[in-house]
Amino acid sequence: MDKQSKVDVTYLVGLMSGTSVDGIDAAVIKLSPMPEKEHGVEIELLAFENTPFPMQVRNSIFELFDRANATIDKVGAMNMWLGELYAQATLSVIGKCGLEPSQIFAVGSHGQTIYHAPKENIMDGYNLHCTVQIGDGAVIANRTAIPCVSDFRVADMAMGGQGAPLVPFTEYLLFNHPEKTLLLQNIGGIGNVTVLPANASPEQVFAFDTGPGNMIIDGLVAQLYGPMTMDDGGGIAASGQVIDELLKWMQQDEYYTMPLPKSTGRERFGQQYVAQIIEWMEANNWKAEDVIATATHLTAWSIVDSYERYIAPQYQAQQLLVGGGGSYNKTLLRDLQQLFVPYKVQVLTQEDIGGNSDAKEAVAFAVLAYYTMKRLPNNIQLVTGASQPVVMGKISWPYPGRSQEV
Ligand SMILES: Nc1ncnc2c1ncn2[C@@H]1O[C@H](COP(=O)(O)OP(=O)(O)OP(=O)(O)O)[C@@H](O)[C@H]1O
Ligand SMILES: CC(=O)N[C@H]1[C@@H]2OC[C@@H](O2)[C@@H](O)[C@@H]1O[C@H](C)C(=O)O
């Protein structure tokens, strides 16, 4: 390594707490610019930590998903509370890799999405579509003494975009392959895919939310098997049979045929959706494990259906690389592998290629923050539908000379 590139090495922290509300993923990365590629970077994951939310926090977040309950006082307080928890997660993960907070260039924090309404909403000539992520960056910056980039999605929406998904930007930087067309499938609360055609230029990359990831499965498990909150390893689904009638009804949701770009969330596949299934289950005397098996199959089906509908007409993919917590659900993976056989797409997890399914999104927000700090655009217009490239994220600065306070 030459002198110049040594100087340019940057350490960043990325924080993600996603739609499944399972906790905070925190990653420390080492980022090295690639002088031979304009704005290109190489990264190394130095440390990763997942801190589950205490039940009280998880319950308080879920309260905010119900619009009638999400009063402004609760939203404001939770914004500060999550800021505190994110700051603690930041200092803790930095401690794991032997760095000092003063060596970290910036924290990139996604925040907790409590509302996402990407559909055009014209009022008085203005498009008031919106998205709300909480966990204030100012709290993180002032507790950790590190500049914090947060609230990424709004800038893209300001230019008419969906404000999601954002991770494809970093997937393009990190996974673009000279010969293989790759599909990067995340299965978190929601499922989303990034299409990287072989040797893609940024203009060819596209991505969208495929539908529910684990959101319906988790919701059903919590109702039917509480206090469990997930189907660990996919064991429950493996013991059940798919209910054709229920599967057919789930496949009718209009989301699956909507044109691109599209993104979705709890507003569509959250608690109300789950309550409807439970009601129907009780009326039909369906077995709990069969309902879980059906919801699991639906997620796999939605991913393969998305491939057939939006991707296969243009590209033959070689591999689908699965990340996110869903890659630990063996039944979901089994269904995915089986459904992809006719399309000759190999299904692998991030772990299969030496990566880390849990860390991927946290790493992405560290990389996105780097671009924000450098005042470089970090959205992909074709992915979000924005009319312009924008520098996403708001920067909170710590008071000069401040040291960590927790
Ligand atoms: N061992 C496991 N077995 C089965 N499912 C698992 C396992 N570990 C995690 N999951 C599933 O993955 C979910 C968490 O995934 P992840 O952390 O990727 O989601 P997220 O980042 O919150 O969501 P999103 O990416 O949609 O914002 C859990 O809620 C659970 O459903
Ligand atoms: C509004 C919001 O939080 N969307 C999430 C969600 O979780 C997965 C999918 O839906 C994706 O669109 C997005 O997150 C990832 C991190 C993204 O923006 O790429």
Side-chain angles (χ1 to χ4, degrees), residues 14-26 48 50-53 58 61 65 108-118 129-134 151-154 156-157 161-172 184-194 207-222 228-238 261-270 292 295-296 299 322-333 349-350 356-365 367-368 378-380 383-384 392:
L15 301 175
M16 179 69 197
S17 62
T19 52
S20 64
V21 201
D22 57 339
I24 306 168
D25 292 331
F48 173 75
N50 172 274
T51 313
F53 282 131
R58 190 172 147 88
I61 295 171
F65 293 143
S109 175
H110 171 267
Q112 180 66 52
T113 296
I114 55 166
Y115 188 62
H116 184 61
H129 64 174
C130 61
T131 185
V132 182
Q133 284 75 44
I134 58 170
D151 228 351
F152 286 85
R153 302 189 188 274
V154 192
D156 183 83
M157 276 199 162
Q162 300 253 322
L166 306 186
V167 172
F169 178 81
T170 59
E171 288 173 328
Y172 169 70
L184 286 124
Q185 177 71 45
N186 190 69
I187 311 181
I190 292 295
N192 55 304
V193 69
T194 301
F208 57 95
D209 289 353
T210 46
N214 298 289
M215 192 172 277
I216 303 175
I217 306 169
D218 286 358
L220 288 168
V221 169
M228 282 165 67
T229 56
M230 66 159 101
D231 179 11
D232 199 343
I236 303 173
K262 60 177 184 173
S263 61
T264 187
R266 259 183 205 285
E267 296 71 22
R268 187 180 284 272
F269 296 114
I292 305 290
T296 305
T299 293
V322 184
S327 62
Y328 305 121
N329 183 326
K330 294 199 179 79
T331 312
L332 178 52
L333 265 241
T349 64
Q350 282 291 325
N356 180 326
S357 287
D358 276 336
K360 201 171 138 256
E361 289 187 339
V363 167
F365 281 90
V367 176
L368 287 167
N378 48 9
N379 65 333
I380 300 186
V383 169
T384 62
M392 298 186 298

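Note that ligands are numbered from 1 as they come in the structure, with each ligand's atoms numbered from 1 the same way. If you're wondering where the values come from, they're calculated on a predicted model, not measured in any experiment.
- Scanning the protein heavy atoms around atom 22 (O) of ligand 1, the nearest turns out to be Ser20 OG, 2.5 Å.
- Of all protein heavy atoms, the one lying nearest to atom 21 (O) of ligand 1 is Glu361 OE1, 3.2 Å.
- Proximity of Asp231 to ligand 1, defined as any heavy-atom pair under 4.0 Å, is confined to the backbone N, CA, C and O atoms.
- Among protein heavy atoms, atom 23 (O) of ligand 1 sits closest to Gly189 N, 2.9 Å.
- Here's the thing with Ser17: none of its N/O atoms is less than 3.5 angstrom from an N/O atom of ligand 1.
- Listed by number with element, the atoms of ligand 1 under 4.0 angstrom from any heavy atom of Gly326 are 12 (O).
- Scored by the side chain to side chain contact (heavy atoms under 4.5 Å, CB included) test, Val21 finds Phe53, Arg58, Ile61, Phe62, Phe65, Gln112, Arg266 as partners (sequence neighbours excluded).
- Below 3.5 Å of separation, one finds no N or O of Gly234 facing any N or O of ligand 1.
- Contact of the Leu368 side chain with the Thr170 side chain is registered, since non-hydrogen atoms from C-beta on lie closer than 4.5 Å.
- Protein heavy atom closest to atom 24 (P) of ligand 1, with residue, atom name and distance, is Thr19 OG1, 3.3 Å.
- By the criterion of a heavy-atom distance under 4.0 Å, the side chain of Met16, and not its backbone, is placed next to ligand 1.
- The minimum heavy-atom distance between Asn356 and Ala359, with the atom names listed, is OD1-N, 3.0 Å.
- Side chain to side chain, Asp209 and Asn192 fail the donor-acceptor criterion of an N or O pair below 3.5 Å.
- When only non-hydrogen protein atoms are considered, atom 2 (C) of ligand 1 lies nearest to Tyr328 CB, 3.5 Å.
- Listed by number with element, the atoms of ligand 1 under 4.0 Å from a non-hydrogen atom of Gly233 are 1 (N), 2 (C), 3 (N), 4 (C).
- In this structure, Asn329 contributes its side chain and Leu333 its backbone to no donor-acceptor pair below 3.5 Å.
- Thr384 and Asp156 form a side-chain donor-acceptor contact under 3.5 Å, judged by distance and modelled atom types alone.
- The closest donor-acceptor contact from the side chain of Thr331 to the backbone of Gly234 lies under 3.5 Å.
- Of all the heavy atoms of Asp218, the ones lying under 4.0 Å from any atom of ligand 1 belong exclusively to the side chain.
- Here the CG-CG distance, from Asn379 to Leu166, works out to 8.5 Å after rounding to the nearest 0.5 Å.
- Counting only distance, with no hydrogens or angles, the side chain of Gln162 and the backbone of Ser263 share a donor-acceptor pair below 3.5 Å.
- Heavy atoms of Asp22 found under 4.0 angstrom from ligand 1 belong exclusively to the side chain.
- The backbone N or O of Phe365 sits nowhere less than 3.5 Å from a side-chain atom of His110 that would complete a donor-acceptor pair.
- From the protein, the heavy atom lying nearest to atom 1 (N) of ligand 1 is Asp232 OD1, 3.0 Å.
- Proximity of a side-chain donor or acceptor of Thr210 to a complementary backbone N or O of Gly191 within less than 3.5 Å is detected.
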Does ligand 2 have any N/O pairs with the protein under 3.5 Å, and how far apart?
residue  : atom   : partner : partner atom : Å
ligand 2 : 3 (O)  : Thr113  : OG1          : 2.6
ligand 2 : 3 (O)  : Arg153  : NH2          : 3.4
ligand 2 : 12 (O) : Asp209  : OD1          : 2.9
ligand 2 : 12 (O) : Asp209  : OD2          : 3.1
ligand 2 : 14 (O) : Arg153  : NH2          : 3.1
ligand 2 : 18 (O) : Arg153  : NH1          : 2.8
ligand 2 : 18 (O) : Arg153  : NH2          : 3.0
ligand 2 : 18 (O) : Leu166  : N            : 2.8
ligand 2 : 19 (O) : Leu166  : N            : 3.0
ligand 2 : 19 (O) : Val167  : N            : 2.9

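- Per-residue contacts place Asn186 under 4.0 angstrom from the following atoms of ligand 1 (heavy atoms of the residue considered): 25 (O).
- Side-chain N/O atoms of Ser357 and Ser327 include a donor and acceptor closer than 3.5 Å.
- Of all the atoms in ligand 1, the ones that sit under 4.0 Å from a non-hydrogen atom of Gly188 are 15 (O), 16 (P), 18 (O), 19 (O), 23 (O), 24 (P), 25 (O), 26 (O).
- Between Ala237 and Thr296 the shortest heavy-atom distance is CB-OG1, 3.5 Å.
- The protein atom (non-hydrogen) at minimum distance from atom 10 (N) of ligand 1 is Gly325 O, 3.3 Å.
- With Glu267 contributing its side chain and His116 its backbone, the two residues share a donor-acceptor pair below 3.5 Å.
- Across Ile187, Leu184, Val193, Leu332, a single residue satisfies side chain to side chain contact (heavy atoms under 4.5 Å, CB included) together with Val322, and that is Ile187.
- Not one N or O of Gly324 is nearer than 3.5 Å to an N or O of ligand 1, by distance alone.
- For atom 5 (N) of ligand 1, the nearest protein heavy atom (residue, atom name, distance) is Met230 SD, 3.8 Å.
- For ligand 1, the atoms sitting less than 4.0 Å from at least one non-hydrogen atom of Asn214 are 11 (C), 12 (O), 13 (C), 31 (O), numbered in the order shown with element in parentheses.
- A donor-acceptor pair is defined here as one N or O able to donate and one able to accept, closer than 3.5 Å; no such pair exists between the side chain of Asp25 and the backbone of Ala362.
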